[in-house]
Amino acid sequence: MEFRTIFEPFRIHSVEPLRLTTEAQRRAAMQAAHYNVFSLHSRDVIIDLLTDSGTGAMSRDQWAAIQHGDESYAGSPSWDLFKAAVQDLFPFTHVVPTHQGRAAEKILFSLVGGPGRFIPNNTHFDTTRANIEFTGAVATDLVIDEGRDPASRHPFKGNMDPEKLEAFIAEHGRDNIPLIMLTVTNNSGGGQPVSMANMRAIREISRHHDIPLYLDACRFAENAWFIREREPEFADRDVADIVREMAALADGMTMSAKKDPLGNIGGWLAMNDDELAAQSRTMLVLTEGFPTYGGLAGRDLEALAVGLHEAVSHDYLRYRIRSTAYLADSLSESGIPVVQPPGGHAVYIDARAMLPHIPPLQYPGQALTVALYEVGGVRGCEIGTVMFGRQPDGSEVPAAMDLVRLAIPRRTYTQSHIDYVIEVCQRVASTSAALPGYRMTHEPPALRHFTAQFEPV
Ligand code: F0G
């Protein structure tokens, strides 16, 4: 029988102090930051759940590997190790190393995007969409309907809808669709996984129309763990094998190594297409670096080679996914509405449901984000009307949902830190009726959520 306690499958070897602050200090810091958590100093944050990107803890073996970093401009052995580790899980012919995920997206879409091009995804991440739209191409989300319903308990809410994809290809024509993308797990849709059955179905369509299939594979290991847990065919399979099977269905991938590969920086673009690879390397040399290091130092390549190996450990993934579910389930049991079922890397609180007295155009997600910080020094991130409300025609409309994301950095916080986060959320919930809405006092023209300024209404 399994024990109930989820414990971290590691001992702590090096510690980073947390600076404890008082509520009065946090209220002053929040006011000075104009009620935008992106403007806070991280030293004023106690538990930082802003993102799971680049914020994980590296292992003893990763730090040791850093000492082996060979910083040769060309042909470094660190590159050979990195390339072998990538190809062990993702056996694509060509690997193009970049400094992070969006640099891989920039190269890929500069080459295959452009006006008149259409790129479908289950749900494009913001930087993917921005890199596509920057070239004049159109980015479209074709996730299944359940993926947009916070209460749906579908086990694979990240799946792409095959019928929507067929209709999309019929409408735009295969010649105008340079590739189909699948984001695993589907970050913008709540960190929800894509099933192997769905990947196979999308692969069938891609093969039938001769359109390449690419994975945005940032959270590939978490996705593979969900496949192992939820698709009976995979119950006894090794996660590394499941990842190889995912890769075998695709023609290429983009990667942010700041997520599942357990790096603080890094990424890559990989593919089987020789011609596209040659063009990508030319772009790489212009914007990132020589093809055997790209955007990275030799030491980063070493740390990632080890991180990729650790990322597919079953003990690690079991703990990782269970600990995210523990936070979601504890909040849910306290009556706090969260997106169900919990995803891999984050818990999403439904702020619109939690703060029904705040109209969407007074930003309930922002109100909750501010309160979590002021009450307990917990930094989450609004994903709602502040992020998506401003339309290209200048009007402002409520986003589909007003969520607050609590993203969990990998191997960084212990269960007692998470218990503290739960207590902070419960305390905020107990006085939620008194929380104010917000209005914007400064709004930048693009990506407004990063630098907007607010005041309470
Ligand atoms: N694709 C997905 C699915 C992502 O979640 C991210 C980053 C990227 C691409 C871009 O990678 O940051 O290395 O350039 N997501 C982070 C987040 C920033 O907080 O969810 P990057």
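Below, each value reflects all heavy atoms present in this structure, side chains not excepted, and no hydrogens, waters or symmetry copies. Everything numeric here is computed off the predicted structure, so don't read it as measured data. Each ligand, and each atom within it, is numbered from 1 in the order the structure gives.
- A salt bridge links Arg448 with Glu396: at least one charged nitrogen is closer than 4.0 Å to a carboxylate oxygen.
- Taking the ring centroids of Tyr438 and Tyr363, they lie at or beyond the 6.0 Å cut-off.
- Remark: ligand 1 and Phe125 share no N or O pair separated by less than 3.5 Å (distance only, no angle test).
- The existence of a salt bridge linking Asp145 and Lys164 is confirmed by a sub-4.0 Å separation between a basic side-chain nitrogen and an acidic carboxylate oxygen.
- In this structure, of Lys259, Arg405, Glu105, His99, the residue bringing a heavy atom nearest to atom 6 (C) of ligand 1 is Lys259.
- Counting heavy atoms only, Thr127 comes closest to atom 10 (C) of ligand 1 of the residues Asn131, Asp216, Thr127, Thr128.
- Of the N or O atoms in Lys258, none lie within a sub-3.5 Å distance of an N or O in ligand 1.
- The shortest N/O to N/O separation between Arg102 and ligand 1 falls below 3.5 Å.
- Considering backbone and side-chain N/O of Thr185, none are found under 3.5 Å from N/O of ligand 1.
- Here the heavy atom of the protein found nearest to atom 5 (O) of ligand 1 is Asn187 ND2, 2.8 Å.
- Relative ring orientation between Tyr316 and Tyr319 is described as tilted, the plane-to-plane angle lying within the 30° to 60° band.
- Checked for salt-bridge contact, Arg244 and Asp88 meet the test: a charged N lies under 4.0 Å from a carboxylate O.
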